[in-house]
Amino acid sequence: MAPLKALEAEYPILDPNFQAFCASHGIFSVEDFLIHDLYELAAFAEQQPTSEKLKQGITQVLSIIDTQHQPWLNGLELLDDALHNKHVLSTGREGIDLLLGGGLREGQLTEIVGPSSCGKTQVCLLAASNVATKQMGNVVYLDTGNSFSPQRIAQFVGHIAGCAFDEAGKRIFQRIMNSIVCHSVFDIFTMFNVLHRLVINFPSQKGGQVRLLIVDSISSLITPILGNSGSQGRALMISAGYMLKKLAHEHNVAVLVTNHTVGGERGIPKPGPWTDLEEHPTCEASTFW
C-alpha cells in the first residue's frame with residue numbers, strides 16, 4: 001500500500017501536517033495505518049489544535065482502504081497461474097477435501113463456517129499437521145481464541161508420519177513440529193502487525209516455504225470492531241479480507257479462515273459478518289467426524 005506522502009497530490013487533506021501527526025505515531029503508509037488502534041489515534045487527534053482536519057484525514061485514509069481492489073488479470077494469465085503455481089493442499093480428511101473441490105488452494109482464501117464446537121478448530125489442526133508432514137511446508141497459525149493444541153498437533157503428526165520412536169523418527173517428528181508456528185492474536189491490530197511482519201520476512205524465508213496460513217477464528221477479531229458506530233469497523237473488516245487475499249495471491253499461500261454462524265432470515269444460519277470470500281462450506285459436526 002502507498003506511503004501517505006504519495007497520496008497528498010490526489011488527496012490534499014493528507015497534507016504535511018497530517019503526515020507529521022501520523023509520523024509521530026510511527027505511521028508512514030496506509031499499511032502502517034492499518035496496524036494501529038484507530039480509536040486511540042482519533043483520541044490523540046482530538047487533543048490537537050487542528051483536530052477537525054486530522055479526523056478528516058483519518059476518514060479519508062479509511063475511504064482509500066475501502067476502495068482498494070486487486071489488479072485486473074485476463075483469463076489467459078489466470079489460467080497460466082492456476083496451472084503452474086496454484087497447487088491444492090489436502091486437509092488430511094478426504095470428506096473435507098471433497099467439499100472444498102480437492103482441498104486448500106494455494107493463492108486463495110478458503111473460509112470454513114459453522115456453529116461453536118462443530119469441529120472447525122480440529123480441521124485447522126489437522127490441515128496444519130498434514131501440510132507440515134506431507135507437503136514439507138511451513139504453517140503459520142493465528143490463534144484468536146486460545147484454542148491451539150500442540151498435543152493434538154503431535155497426535156495428528158504422529159499418525160500421519162508414522163514416526164518410529166528411534167533417533168531418526170524423533171528428528172523427523174521434531175522437524176515437522178518446528179515447521180508449525182503459532183501466534184496468539186486477540187485483536188485485529190495485532191493480526192495486521194503479524195501479517196505485516198510475515199510479508200516482510202517472505203523474501204528471506206529459511207527452513208522451508210510457508211504453504212499455509214490459518215486464522216482460527218476471524219469472527220473473534222471482526223465482531224468487536226463491528227460493534228462500534230461509524231465506518232471504521234467496516235473499513236477494518238474489508239482491509240482484513242483484502243490483506244489476507246493479497247498475501248495469498250502475491251506469495252502463493254493457501255489461507256484458511258474459520259468463521260461462526262449467525263441467525264439469518266427465517267432462522268436459517270448464515271456466515272457471521274465478514275466479507276465475500278472464495279469458499280463457504282457449512283461446517284456440521286456429522287460432516288467431518
Side-chain angles (χ1 to χ4, degrees), residues 31 34-38 62 65-66 68 70 89 91 96 99-100 104-128 131 139-149 180-199 210 212-228 231-249 251 253-264 269-284 288:
E31 193 172 52
L34 288 172
I35 64 175
H36 282 71
D37 187 330
L38 301 187
L62 289 173
I65 293 168
D66 201 10
Q68 290 285 340
Q70 290 280 4
L89 308 178
T91 62
I96 303 174
L99 286 173
L100 298 175
L104 305 170
R105 299 181 185 280
E106 290 182 331
Q108 294 186 12
L109 189 154
T110 301
E111 178 186 20
I112 294 181
V113 181
S116 176
S117 302
C118 78
K120 300 186 298 295
T121 294
Q122 294 302 309
V123 174
C124 292
L125 296 173
L126 176 59
V131 170
V139 178
V140 176
Y141 197 116
L142 305 189
D143 177 19
T144 72
N146 201 30
S147 57
F148 181 83
S149 172
I180 302 173
V181 179
C182 178
H183 296 273
S184 295
V185 176
F186 299 118
D187 62 76
I188 197 165
F189 304 105
T190 305
M191 186 186 78
F192 285 143
N193 190 29
V194 171
L195 294 179
H196 180 64
R197 287 189 281 116
L198 187 61
V199 169
V210 173
L212 176 62
L213 168 65
I214 296 171
V215 183
D216 181 32
S217 77
I218 196 66
S219 52
S220 300
L221 306 180
I222 296 299
T223 302
I225 63 173
L226 290 182
N228 297 290
S231 62
Q232 291 186 344
R234 181 172 178 274
L236 286 168
M237 179 184 73
I238 292 172
S239 298
Y242 172 79
M243 289 183 71
L244 288 168
K245 290 181 181 181
K246 184 172 184 285
L247 186 149
H249 176 71
H251 299 283
V253 176
V255 177
L256 174 61
V257 172
T258 65
N259 193 5
H260 69 295
T261 54
V262 297
K270 66 177 184 179
W274 178 217
T275 185
D276 294 329
L277 303 177
E278 278 73 19
E279 304 282 352
H280 291 277
T282 300
C283 172
E284 300 291 349
F288 298 129

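When reading the values below, keep in mind they use all heavy atoms of this one structure, side chains included, and skip hydrogens, waters and symmetry mates.
Pairing each heavy atom of Ser217 with each of Thr258, the nearest pair is CB-OG1, 2.9 Å. The two residues Ser219 and Asn259 have their closest heavy-atom pair at CB-OD1, 3.2 Å. What you find for Ile214 and Ala128 is that their closest heavy atoms are CD1-CB, 3.9 Å.
Under the side chain to side chain donor-acceptor pair (under 3.5 Å) criterion, Thr190 pairs with Asp187, sequence neighbours left out. Shown here are the ring pair (Phe, Tyr, Trp, His ring centres under 6.0 Å) partners of Phe148, two or more places apart in sequence or in another chain: Tyr141. Under the ring pair (Phe, Tyr, Trp, His ring centres under 6.0 Å) criterion, Phe192 pairs with no residue at all, not counting sequence neighbours. Ser184 pairs by the side chain to side chain contact (heavy atoms under 4.5 Å, CB included) definition with Phe186, not counting sequence neighbours.
One finds the CG atom of Leu89 at 9.5 Å from the OG1 atom of Thr110 (value rounded to the nearest 0.5 Å). Atom CG of Leu213 and atom NE2 of His251 lie 11.0 Å apart (nearest 0.5 Å). Of the inter-residue distances, the one linking Ile96 atom CD1 with Leu126 atom CG reads 6.0 Å to the nearest 0.5 angstrom. Distance CD1/Ile188 to OG/Ser220: 11.5 Å, rounded to 0.5 Å. The CD atom of Glu111 lies 11.0 Å from the CG atom of Leu244; values are rounded to the nearest 0.5 Å. Annotation: the span from Asp216 atom CG to Cys124 atom SG amounts to 4.0 Å, rounded to 0.5 Å.
For Lys120 (side chain) and Val257 (main-chain N/O), no donor-acceptor pair under 3.5 Å exists by modelled atom type.
By the 4.5 Å heavy-atom criterion applied to side chains, Leu247 and Val253 are counted as neighbours. Contact annotation: the side chain of Val194 approaches that of Arg197 to within less than 4.5 Å [non-hydrogen atoms, C-beta and beyond]. Contact of the Leu104 side chain with the Thr91 side chain is registered, since non-hydrogen atoms from C-beta on lie closer than 4.5 Å. Using a 4.5 Å heavy-atom cutoff, the side chains of Val199 and Lys246 are not in contact.
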